[in-house]
Structures are given as C-alpha cells and as structure tokens.
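Just below is one structure, and these are the notes that go with it.
The model shown is predicted, which means the values in this text are computed figures rather than measured ones.
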Amino acid sequence: MIAIDDAKVQRVIADFPILARPTSRGKRLVYLDSAATSQKPNVVIDAIDRYYREYNANIHRGVYEIAARATDEFEAARAKVARFINAATQEVIWTRNATEAINLVAYSWGLQNLGPDDVILTSELEHHSNLVPWQLVAQKTGASLRFIPADDRGELVLDRLDTLLEGVKLLAITHVSNTLGTIVPLERIIPKARAAGATILVDGAQAIPHLAVDMRALDVDFYAFSGHKMLGPTGIGVLYGKRAILEAMPPFLAGGDMIRHVAYDRSSFNDLPWKFEAGTSNIADAIGLGAAVEYLESLGMDWVRSHEQELLAYAFERLAPLAPRGLAIYGPHDPERASGVISFNFADIHAHDMASILDTEGVCIRAGHHCTMPLMEKMGWSATARASLYVYNTRADVDALIEGLEKAARVFKL
Amino acid sequence: MIAIDDAKVQRVIADFPILARPTSRGKRLVYLDSAATSQKPNVVIDAIDRYYREYNANIHRGVYEIAARATDEFEAARAKVARFINAATQEVIWTRNATEAINLVAYSWGLQNLGPDDVILTSELEHHSNLVPWQLVAQKTGASLRFIPADDRGELVLDRLDTLLEGVKLLAITHVSNTLGTIVPLERIIPKARAAGATILVDGAQAIPHLAVDMRALDVDFYAFSGHKMLGPTGIGVLYGKRAILEAMPPFLAGGDMIRHVAYDRSSFNDLPWKFEAGTSNIADAIGLGAAVEYLESLGMDWVRSHEQELLAYAFERLAPLAPRGLAIYGPHDPERASGVISFNFADIHAHDMASILDTEGVCIRAGHHCTMPLMEKMGWSATARASLYVYNTRADVDALIEGLEKAARVFKL
Amino acid sequence: MDDFYRDFILDHYRNPRNHGHLERASASAEDVNPLCGDRIRMELDVRGGVIADVRFSGQGCAISQASASMLTESIKGMPLEEAAKLSKEIVLENVGIGISPTRMKCAMLGLRVLKSAAIGEIAGWPDEE
Amino acid sequence: MDDFYRDFILDHYRNPRNHGHLERASASAEDVNPLCGDRIRMELDVRGGVIADVRFSGQGCAISQASASMLTESIKGMPLEEAAKLSKEIVLENVGIGISPTRMKCAMLGLRVLKSAAIGEIAGWPDEE
Ligand SMILES: Cc1ncc(COP(=O)(O)O)c(C=O)c1O
Ligand SMILES: Cc1ncc(COP(=O)(O)O)c(C=O)c1O
C-alpha cells in the first residue's frame, strides 16, 4: 500500500531551503505544521526577490518599463491562480488572506442581503475565520446562525440536511477542517443548498493546498483561501466570486485603484476585479503566489493528494501501537476522507507540553484549539496536538514524530 | 546652498540593487517615482528572504523554535515602527497599506460615531484613499462632507478654518499632498480641531517616508501610512491609533488571532493591537518594514529631509530656464513648504507622452491624476507629469530629467 | 516609443479632424480609461445604416487623441455594421509603428468608444427610464 | 525544555494542591491565555488582610497548572498587599530551571490571575451593574 516515490520527494525537499537548516540543537527540522503555514520553495522566494531587485514599481498607472513589467507579472499571477482553480481572471480578487476574503463577503454581501428573518447555515467544524464574521453579521442584521452538527469523528451529520437548509439564505462552510482534516462532502451539500436557493461560500483555506479544486465543477458563489498555506508568501490570499454576484455587490474598501471617476462629492467604481482592490496591492506577494501555483502544478495536484494519503496511512499504521498506552487520535481515521492532519492527545500529556518536548527533537507541531474553540468545547478537548503533512514530508518525518512521542512518554514517566 | 553629501548618497545608492540594473535600452535607471512606491534596500529584501529561508512559521501560537523566532521578530518589527513614530506598541496596527488603515477607521469608528447631523472635514488635496471612504461613510450615515479649500499653488487656505470647523466631528486630512508635495501645516490645524472637539485622522502616506513624525507631538487620534513608500515591502501598512479610542472601537475584520474566546453563538475579543488583526498576518513583510525603519533611522530622518530639500532646490534651479518654453510647475515652489514632488506639464506635451519619452531615456516618472481626480478637475489639469525624489536620488538624476525634457521638446517639435 | 511621434501623429494631435459635436447625433458613447483619466466621446450621424458623419471630443495624450482623430476619418461612409465589428488592426494601421504595450489602451480608447456607440445603436440600449 | 519536567513538577501537575473551589471566596479572578486556551481561576479567602485560604481551578498544560499549584502554596498566609505586588520571581523560583521563553506565558498565567484578584480586592472593582 505504501508506494511513496522517494526520489521525487527528495527532489521536492531540495527545493525548500529551510529544510536544509538544522535547529539550534543540531536536529534535522521536521516540519509538521503546514496546516498553520507551509514552507516556501526557492521559486517562490526568488520570485519575490526578483521583483524587488529587478522591477519593483507601482502597477496599473505606470508608463515606464519596470512599471509595465510589474503590472504584467502581477496580472499574470492572477491569471495563473484563475487557471489553477478554473475561474475567470476577473473572478479572482486579491486579499490578505482567507480571513479577509470571508470578511469582504460578510461586509459587502452579508450586510446588504441578510435581514432578521434570514438564516446563515454553517457547521460545527468551522475555523474562527468562518464563524466570527457571521456572528457579527448576525448581530448587525438580526439574521440567525444554524449549524450542521459534527459527529465524534468530526464528520458532518447530513441526515437532517434538508431540514437544516430550510429558509437558509447563506451557506458558509469549510471545505476541509483544519483541526481534524475532515474533507467535507461538498458534492452532497452544494446541490441541496442550491435547490434551497442559498448563496454559497466555502472556506477553502485547507483544501486548495491539498486537493484539486475546480470552481466551475463545485458551483459555489464564493471561495476563500490563503497563499501562505499553499507554498506562497504571507500577506496574500484570494476571494473567488462568481462574476454576476461580484458585479452586484457594493465595494468593500475604498481608495485608489478601485475607482472609475471621483468628484469631491461622489464616485463611481472600477471594473472587476479591481473594484474590490483598494490601494496599492501586495504586488510582490501576488507574484510570489503565482510562482507557488506554478510549482504545485509542476508537482501535480494528484501527486500532492496521493503523497499525503500514503503518508497519512503510514502514520496511522505507526501510531496504532501507541493506542493501548493512551494515544487518542481524533478525526476520521481514513485517508480517503481526510486531508493530511493528525490531531491527537497522548495520555495525560497536555498538547503544549507535547509540542515543547517534540521541539527539542526538531519536530514542529501545533498545540491548542487551532482557532476552532467551539469544536474543541463540544468535543470536550481542552487542546489537541496536531501534526500536519505536506509535499515535503516523508516517512522519516513520521518516524521522527513517533520517536518524539516515545520521548514525551519517558519525560512524563508514562 | 547646494551641499549634497555625494559620498553618502553614493553609499545609499549601493544599498539598492535595482539601481545597478540598466534598462532594456541600456540606460541607467533614473527612478523618480518614489511617491508611487519607493525602491527597497538590500537590508529589507534580505530580511524577507531570511524569514522564508530560516524561520518561516506561523506566529503567536507556535511552541517550536522557528515559530518563537517568527513571533519575536514580528513583534519586534512592530516595536521598531512604534519607536520610529513615537507611539506605544499596542497603538501600532498592521494593515495592508494606508488605504486599508483609513478604511478600518471608516468602518469601525466612522459607522459607529457619525450620524446625519455630523460633519466630516477634509481638504481639496486628498488622495482618493482619504476621500472615497468618507464619501461612502457619509452616504451610509447621512453625515456631510466639507472641504478646506486649496489655492492655486496647492496650499490650504486656512483663513476660514474656525468657521469650517464648526460642528465637525471628524477631521480627515492629508499630511503631505502626493500630487503637489504640499506639506500641510498640521501644527496650525490640529489644535483648532481639538478645540472644536473633532476626532482627527491624518493620512501620512507621503509624510512618514520623508519627515520625522512624532505621534505624541502631533496629537492625532489616527495616523495611516504604507510600508512600500518608505523603503519597505508591498502588502504592509500601519494604522496608528490612540489607545483609548482603539479600545472603544468594535473590531473590523473578524477571525483567527483577534479573538479571546469563541463559542458557537458569540465571541469576545483579544487585546490591542491584535483585536484589529484578523487571520494570519503578513509576517514576512511586517519584518521587512521593521528593517526599512531601521535603515531610515540609520540614515537619519533629518538627513533624509535635508537631502530632499537640497535636491528639490537644485531641480527648481535647473527647471526655471524652461519656463519661457512652456514648462509649468505646480504646487508650492518652496523646498521649505514641500516634500520632494515636482508636478509639471511642458507646453502641449501630454503627461503620458512625456512619461513615455522619458522612459526611453531610463527616467521613470508618473503621469495622470495621481489618484486626486477632484483636485485635478478643480485646477483644470487633465493630467500632470510627476517626478518625485527620495534618499537614493542625486543631482545626476535631476540632470537626466532635464535632458529628457529637452528630448521631449525635440520629439514634439516645440 | 519616441519614434512613434511622427509628424502626421503630432498633426492629428494638434489639429484633430472631426473634432467637436454634432447637432443631431443618432448614436453616441463616451468612456474614460480609469487608470490614466483619458476621456473620449464619439457622436455618430447614421443614415440608412451608414455613418454619414462623426465627431469626437475629449482629452488625453497624443496617442489617444491622434488615434481617435484618424479613426473618424477611416469610418466616414462606413456601414454601421462594419464599424461595430472593427478590430484593433484599423488603429494599428492608422498609427503605424512604435506603440508600446503600456500605451495600447490609450490608442484603443477611441475605437472602444466607437464600437460601443455602434453596437448600442444596432442592438438598442436597454431602456434607461 | 525537556529537563523542565522534573518529578515535583509532574507531581504538582497530576496532584495539584489547593485545587477546586472555596465555599466563601472574598476575592476571585479568572483569565485565559487567548493564544493557547489555558484557563485558570483563583479564589481567595481573605481575613484581616491576609490570604487565609486559596483554591485554583482551570485547565492547561503542566507548566501553567503546576506553576499555579505551587503558587497557591507560596501565598497561603501572605498579606494581600504583598500578593498584589508579587513579581515573576516567585514563579521562577518555584518551577526552577528549563522554561523556554515561548512557555513563559503559561508559567505566569496563575500569577497574573492571582494578582488581578488581589488588586481587585484592594482597589475595589468598578461596579459592573
Ligand atoms: C497621500 C496618499 N494617501 C494615501 C495613499 C494610498 O496608499 P496605498 O496605496 O499604499 O494604500 C497614497 C499613495 O498613493 C498617497 O499618496
Ligand atoms: C479552515 C481554515 N479557515 C480559515 C483559515 C484562516 O486563514 P488565514 O489565517 O490565512 O486567514 C485557516 C487558517 O488557519 C483555516 O485553517
């Protein structure tokens, strides 16, 4: 079953300069926190560097050579992202991150379209970024929030979906859970939401880096994601929106670049996508994200997915023997139904202590509530340890995690 | 009068890699568009590079070594910016740019505090980014906009300031005009606005890069600026806000990191400054901006200002002989009252044509409305050409501009 | 780019043909390039499906104004249907060599406005109330 | 960091002293570290200006819980004024070596809660009504 192409993974690893640097204790860096942010390949770092060293200039209004090149590369990056998700270029709006993308919809669509009788349907799996904006919109508009429940394995319970969808004006749902790796079966949910007449927003922050995602096939109105989790730089993210719905929305942030004409007393606005991009864009990082998308395409999203599935299967296999000693793994244990996230607790070792002990071995994991406090409280976990996988991880990384768990057991005298 | 320290400028130039690259026509790059965006010194590019190559990790919740380093450097960058503007660290909120900073205030303070009887006072000099947000707030709240007029030289007319300030709830004003370089005499305006009980926001996008600015001395409530115009990277900006007013404001964007506790139905929010920073921050570029601020400090803001004043004086001296041939220079012609911006038109050569011809000589200037359309219309200019100066410019750059103007005159058979 | 500004371009810029307004325009359109502020208005007098007369107005750089001026000369007497289908070749032929990609939008502004006037006239604008 | 978890720390973590609630608390406070979710509540029974009894509750890592447990032992019988002025030295002395800067916030959570209970009791909380 395990058929990891080691040569390819080694080539991938060589593309990530940080992975060649030992920790201050001289350990190999075993990076298992890609769900928080991914590492960056040379091509991405170099694309940013090249912009600043060779053609840094403000875009869109510049007549001179480097300004023209900056504009071209910036808009080419948008086209690359559009192609990657199968959307039109005008449907790709740059934001800082997934969070800003969701807030843009909350302000520009939510406040306009939701009222006291309306229902926002979301799920118990949501990251704070796809929950708190809707709480605030609900407070401001009088709309109410409703939740698709999650079962003990962190999978959504869809039996009562038809009832839950009654009167729903907005479905705001995650594609993949960052805490448990659950892949939400959107293909079962979206057609019903469409039939119920709901507008659909998907939080794709954890999906885009790991799965091939096609906007036209998914048929969503909005899809939000962040560059930094998909090998791209920090500070750049994307809101995809269907053209018609974006056209109908008022602008969000106002200022330079998003206008058509300004008089002292009133203004008219630019075409898509610029209508939603006020002020000087994050030019360098948009170009960096374009490079990241090309890099992912060169690996092939099918390879990315199968590599993670194989690693996940290997990890579950290696972790299983620790169960009798108190290792609890949360979420769907099935690599078919989950992305590369392993959320766990080991006996009475608190997740933060686990993370500190693993750190001494160079193993980087995340501990805490993973910005899903309500899910944690529902499940009765005060914190979990989370190891998450990506393109540069290997079986050796999983082995290092296991050794770290053994060390933690020794430290805690289990 | 001209006492430019050539050795120091040459050392500065050596810090900017882009300035060593000739254009595709083999010309020296003469970058005179720093008011649009500045070039970046090696220390800034390297700081970003180093983050990605050595310690890229998500911040605040990470226990492991590189996450701790990322958090430290990110918060250290905030502290550097706070020191640079003489503010407390909690008063420095990261945004994408000046535009987002102003919009944050428009949404979180403006929509809460302005109503139909309220007046927003701004000026005729404003960049769209400090005008359009207030037009939208006025539309939503019923507040009205009022303008401090500008005279023909682009200086504000303050005779009737007392009358203009009557009933004003918000003064939203630029510190330096990006189109004309006018330095607005805030020291005359702010005390009166305070006395009138107005809340005060200053758009410092063109001031912070060029002048020593001290938040405590200025006594403003909000001050907005962008990193990319002050030697920093694109994608990062700052909203300074007085602590008490920020504390009283509701959050703007909602999501991860800005919360204290989240339940499915309600949330409470984090302390300053994080309450206003939702989602993963632009970590790399915040660190890059920290490096830019240190670099500016190493030059000394006094030197920055005097270097620009001397260059500006030299430029006016060299440009004067062209006046009889139809060169019109706009704005205050006084290096004491202006920052390093030269806005002009030459006979009937349209600004865009001028920019194209200068480009063939490697001279980069901006042409158009400079995101100040209402000012352009008031002045009756359809476009102006704008050359803007910064730390790496020299008399040789001014000479190249003059030669470019001569060439344009030849091309247009003047 | 500097070789773009030949005598006939400067002449069209300084002495635009068909400049001004029509007493009776059967079709018109106006647009602005939001990035640089160049603005052009085209007014057409259409008789029997043919452009009998045309005027343009607006402001902007030599490229946008000279291109528009030359375009008005090219389309006088042209069937409206044909004008609606014009490709950018006509502008490139008119202005000749030397236009840089950054300035292409300037050159095409007049054509864009002409086409939207023509298409609007053919298809009928949606009722504006 | 791994050398931090010595036997007495693990013992305080697994068998926290003064854990639970007071029947009659004259002062109390609670706080959470918003970044990791660790939560601690402190209840004080103050008699004649002295901390006669104390209980803590909450959840979190070995560092936060053991530090809080040890702190409750340190402050029993301490004048409230003194508790309000405690510096982080007391925690560092209690837990000893090996705490990394990233985990300092965990170690100090109990102290922060104690101090806000003590200061609140001395200064009087603003009416919450
Ligand atoms: C005076 C002024 N205000 C605001 C801005 C907006 O800055 P940014 O585009 O970085 O948000 C600019 C920059 O163009 C400016 O010159
Ligand atoms: C599922 C999910 N949604 C949204 C976000 C927010 O992403 P960002 O912090 O980049 O805005 C994250 C990342 O933490 C996530 O995992």
Using non-hydrogen atoms and a 4.5 Å limit, figure out which bit of [X] sits close to chain A: side chain, backbone, both or neither.
X        : result
B:Phe147 : side chain
B:Ala355 : both
B:Tyr55  : backbone
B:Asn42  : side chain

Engaged part of [X] at the chain B interface, taking heavy atoms whose separation is under 4.5 Å:
X        : value
A:Ser38  : backbone
A:Leu29  : side chain
A:Ser226 : neither
A:Glu124 : both
A:Ile236 : neither
A:Leu253 : both
A:Gln39  : both
A:Asn97  : side chain
A:Leu32  : neither
A:Ala67  : side chain

### Task
Answer yes when A:Asp49 and A:Arg53 have at least one side-chain N-carboxylate O distance shorter than 4.0 Å, and no when they do not.
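Answer for the salt bridge query: yes.
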### Task
Please check if the side chain of B:Thr99 supplies one atom and the backbone of A:Ala278 the other of a donor-acceptor pair under 3.5 Å.
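Flag not set: sc B:Thr99 to bb A:Ala278 has no pair under 3.5 Å.
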### Query
Run the salt bridge (Lys or Arg N to Asp or Glu O under 4.0 Å) check on B:Glu54 and B:Arg69 step by step: do they pass?
CA-CA 10 Å; B:Glu54 297 186 4; B:Arg69 180 165 169 210; 3.4 Å; yes
### Task
For the residue pair A:Thr372 and A:His370, confirm or rule out a side-chain donor-acceptor distance under 3.5 Å.
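Note: A:Thr372 and A:His370 side chains miss the donor-acceptor criterion.
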